[in-house]
Amino acid sequence: MPSRPRFPSPDRRTVLRGSLAASAALALPVAGAAAPAFARSGRPDAAWGVQVGDVTSSSALVWVRSDRPARMVVETSATESFRRARTWHGPLLGPGTDFTGTTPLYGLPPGEQVHYRVTLAAPDDPRRTGEPVYGTFRTAAARRRDGVRFLWSGDIAGQGWGINPDIGGYRVYDEMRRLDPDFFLCSGDNIYADGVIEPRVTLPDGRVWRNVTTEEKAKVAETLAEYRGNFRYNLLDDNLRRFNAQVPSVIQWDDHEVRNNWYPGQILDDVRYTEKNVDVLAARSMRAFREYFPVSTLHGVTGGDRVHRVVRHGPLLDLFVLDMRTFRNANSPGRQPDDTTGILGAEQLAWLKRELSRSRAVWKVIAADMPLGLVVADGATDFEAVAQGDPGAPLGRELQIAELLRFIKHRRITGTVWLTADVHYTSAQHYAPERAAFKDFAPFWEFVTGPLAAGQFPSNALDGTFGPDQVFVQAPDRANVSPMETPALFGEVDIDGDSGELTVHLREQGGSVLFSTTLQPGRVGQ
């Protein structure tokens, strides 16, 4: 499709220079070793790399972490030479935010490559600075003809499968970086705070998986320091740091940022936890989540203090990022005939309806952290997602989704597509009223992918309430298949600027496209 020039990795000398400097400063420890201590040279060190989040046609949010108190300074330029650079003075980084910080960028040119570098300066002497760390990103295009292309996935360092130096760490991030997308959507489970990373794991075939380990990953996370350590863990991987320096992110969260299948008000009976109140754990995790990701709504850029938000990416795409965790009701058998709380909460549902009706983008991609029609159990009788295995009329959390789908149909909102991860396999479901028990909605697609670096699992049953037809599925036949045994999974969305067509590719690490389909713009249903 006609589009602005793409920038293949070898030409990004500035990014690679900065990434290699970060890699040298933050070499991966051997399996079983603790995270490295930084050298105290008297100058701040930004060895954890940089990230950019929630990029629009004119704005972005830059993230960095220091090894000590420091002032964050960002410079942006249209060129790698940093001629005519613009300087942005960021916050003072200190222990109150685990030495992390973000700087918002405004007034950026649409549809252009932006080069940036972050320098950390000593608070008492701005001349005493550390080595700058470099990055680059594209702003969203103002012109429809430029098109949009992004990747999505989720589920990182799950089920005990961490950073394995024997296989080069999280190599899937290098493959995704080389595809040079406009941004990456992480659909949740950015960490596994309830998942211990052991130094060695023996696979079913006798091979040994070795993990990079840290003190915070030796037990389930309960304290703020332990949650912070979980978010730092993935940044030990140089593939991920290089990826972050080149590809902007849109981050949402799900359960494993806190612990498996959590919901507000839950009191744990898990012997691994001394803190039994999940609300206390969730608050600690959210603080660390806010510190470690550039999320606009959590840093006062777009208002509110929440994960759910709309990221507008030019005339072709509005991305509706949901939070299906914070406002949900308790997991249950899901058979209640009246449920106003559901999985989104009443306020978030009202927000989503309002923003969908206001959107003028060709495509409204709904980023859900859990699937709609796949049955995800929580124990013997309760359910974790929306579906509860009863193929009849909507009950429980299905009532809220039915209300939303009805609203989309009757308001004639075009171009809705659902993306998610969570279940650790990849599939494509088409929902249609002629197959459904609930019929007052327009057809739509839901695409599932992941994990990036976690165990893969067999496919889940389908619930017939909204009439899903599983057009494609790839899943293993046993639980918790390691990343050494099966490739990582991610998805690609490509919106053509001329035709407006949206093509979804379900991909696996190694370059294979497992499934593709193309959707037409301007339709209430597909």
Side-chain angles (χ1 to χ4, degrees), residues 144 147-148 150 152 185 308-322 324 342-344 348-368 370-374 386-387 391 393-394 397-420 427-448 462-472 491 493-506 515-526:
R144 168 173 165 155
V148 181
F150 69 93
W152 94 95
L185 164 66
H308 63 278
R309 62 200 186 276
V310 185
V311 179
R312 304 192 189 281
H313 208 86
L316 284 173
L317 174 65
D318 279 349
L319 183 64
F320 298 84
V321 182
L322 302 187
M324 303 174 86
I343 199 164
L344 298 174
Q348 186 178 187
L349 176 61
W351 163 86
L352 181 56
K353 288 179 178 179
R354 182 173 64 251
E355 295 299 331
L356 281 169
S357 65
R358 289 175 176 174
S359 175
R360 297 297 175 264
V362 175
W363 293 98
K364 294 91 173 168
V365 171
I366 301 174
M370 300 209 74
L372 298 184
L374 305 181
V386 175
R397 292 171 179 160
E398 293 172 337
L399 290 162
Q400 194 175 65
I401 301 303
E403 181 181 345
L404 174 62
L405 297 178
R406 183 189 296 113
F407 177 86
I408 291 171
K409 173 188 173 183
H410 287 271
R411 288 295 184 96
R412 299 196 60 77
I413 296 170
T414 62
T416 58
V417 178
W418 293 72
L419 303 181
T420 191
S427 68
Q429 287 79 234
H430 182 254
Y431 294 78
E434 61 268 21
R435 296 188 296 265
F438 173 77
K439 299 185 178 298
D440 195 10
F441 72 99
F444 67 95
W445 282 87
E446 174 187 55
F447 300 97
V448 180
L462 291 177
D463 184 308
T465 297
F466 301 116
D469 175 27
Q470 195 158 68
V471 179
F472 172 81
V493 175
D494 197 337
I495 306 176
D496 183 82
D498 289 333
S499 67
E501 293 177 338
L502 182 149
T503 300
V504 176
H505 302 293
L506 299 179
F515 172 82
S516 297
T517 191
T518 298
L519 310 182
Q520 299 303 312
R523 298 183 181 179
V524 177
Q526 290 284 338

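Quick caveat, the model's predicted, so the values are computed rather than measured.
- Across all their heavy atoms, Ala402 and Pro394 have their closest contact at CB-CG, 3.9 Å.
- Looking only at distances, a side-chain donor or acceptor of Gln400 sits under 3.5 Å from a matching main-chain atom of Leu344.
- A salt bridge links Arg312 with Asp318: the distance from a Lys NZ or Arg NE/NH1/NH2 to an Asp or Glu carboxylate oxygen falls below 4.0 Å.
- The nearest pair of heavy atoms linking Asp463 to Pro391 is OD1-CA, 3.8 Å.
- Counting heavy atoms from C-beta outward, Trp418 and Gln429 have side chains that stay 4.5 Å or more apart.
- Side-chain atoms of Arg397 do not come within 3.5 Å of backbone N or O of Val386 as any donor-acceptor pair.
- The backbone N or O of Ala437 lies less than 3.5 Å from no partner atom in the side chain of Thr465, so there is not a single donor-acceptor pair.
- Going from atom CD1 of Ile408 over to atom OG1 of Thr416 covers 4.5 Å, rounded to the nearest 0.5 Å.
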Kindly indicate, with the supporting measurements, whether the criterion ring pair (Phe, Tyr, Trp, His ring centres under 6.0 Å) is fulfilled by Trp152 and Phe150. CA-CA 7 Å; Trp152 94 95; Phe150 69 93; 7.1 Å; no

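- Listed for the Tyr431 side chain is no donor-acceptor partner under 3.5 Å among the backbone atoms of Phe441.
- Side-chain N or O atoms of Lys439 include one that pairs as donor or acceptor with a backbone N or O of Pro433 at under 3.5 Å.
- Leu317 has its side chain out of reach of Val493: every pair of non-hydrogen atoms, C-beta onward, lies at least 4.5 Å apart.
- Taking CG of Leu399 as the reference point, atom CZ of Phe438 lies at 9.5 Å (rounded to 0.5 Å).
- Below 30°, between 30° and 60°, or above 60°: for Phe515 and Phe472 the angle between ring planes is below 30°, a parallel geometry.
- Across every non-hydrogen atom of Trp363 and Gly415, the tightest pair is CE3-O, 3.3 Å.
- Looking only at distances, a side-chain donor or acceptor of Glu446 sits under 3.5 Å from a matching main-chain atom of Leu372.
- Formation of a donor-acceptor pair under 3.5 Å by the Ser427 side chain with backbone atoms of Val448 is not found in this model.
- A donor-acceptor pair under 3.5 Å links the side-chain atoms of Gln526 to the main chain of Gln520, judged by distance alone.
- In this structure, Asp469 contributes its side chain and Val471 its backbone to no donor-acceptor pair below 3.5 Å.
- Under the 4.0 Å criterion applied to side-chain N and carboxylate O atoms, Arg358 and Glu355 are assigned as salt-bridge partners.
- For the pair Leu519/Phe444, no side-chain contact is recorded, criterion being any heavy-atom separation below 4.5 Å from C-beta on.
- Residues Thr503 and Asp496 have side chains not in contact (no heavy-atom distance under 4.5 Å, counting atoms from C-beta outward).
- No side-chain heavy atom of Lys353 sits less than 4.5 Å from a side-chain heavy atom of Arg411.
- Rounding to the nearest 0.5 angstrom, the gap separating the NE2 atom in His308 from the CD atom in Gln348 is 4.5 Å.
- Shown here for Ala368 and Thr420, the closest heavy-atom pair between the two residues is O-OG1, 2.8 Å.
- In terms of heavy atoms, His505 sits closest to Ser516 at ND1-OG, 2.6 Å.
- Residue Glu403 holds its CD atom at 11.5 Å from CG of Asp440, rounded to the nearest 0.5 Å.
- The minimum heavy-atom distance linking Ala436 with Gly467 is given by the pair CB-N, 3.4 Å.
- Going from atom CD1 of Ile401 over to atom CD1 of Ile343 covers 7.0 Å, rounded to the nearest 0.5 Å.
- By the 4.5 Å heavy-atom criterion applied to side chains, His313 and Leu319 are not counted as neighbours.
- Between the OG1 atom in Thr414 and the CG atom in Leu356 there is a gap of 10.5 Å [rounded to 0.5 Å].
- Crowding of Arg354 atom CZ: a count of heavy atoms from other residues, nucleotides or ligands under 6.0 Å exceeding 12.
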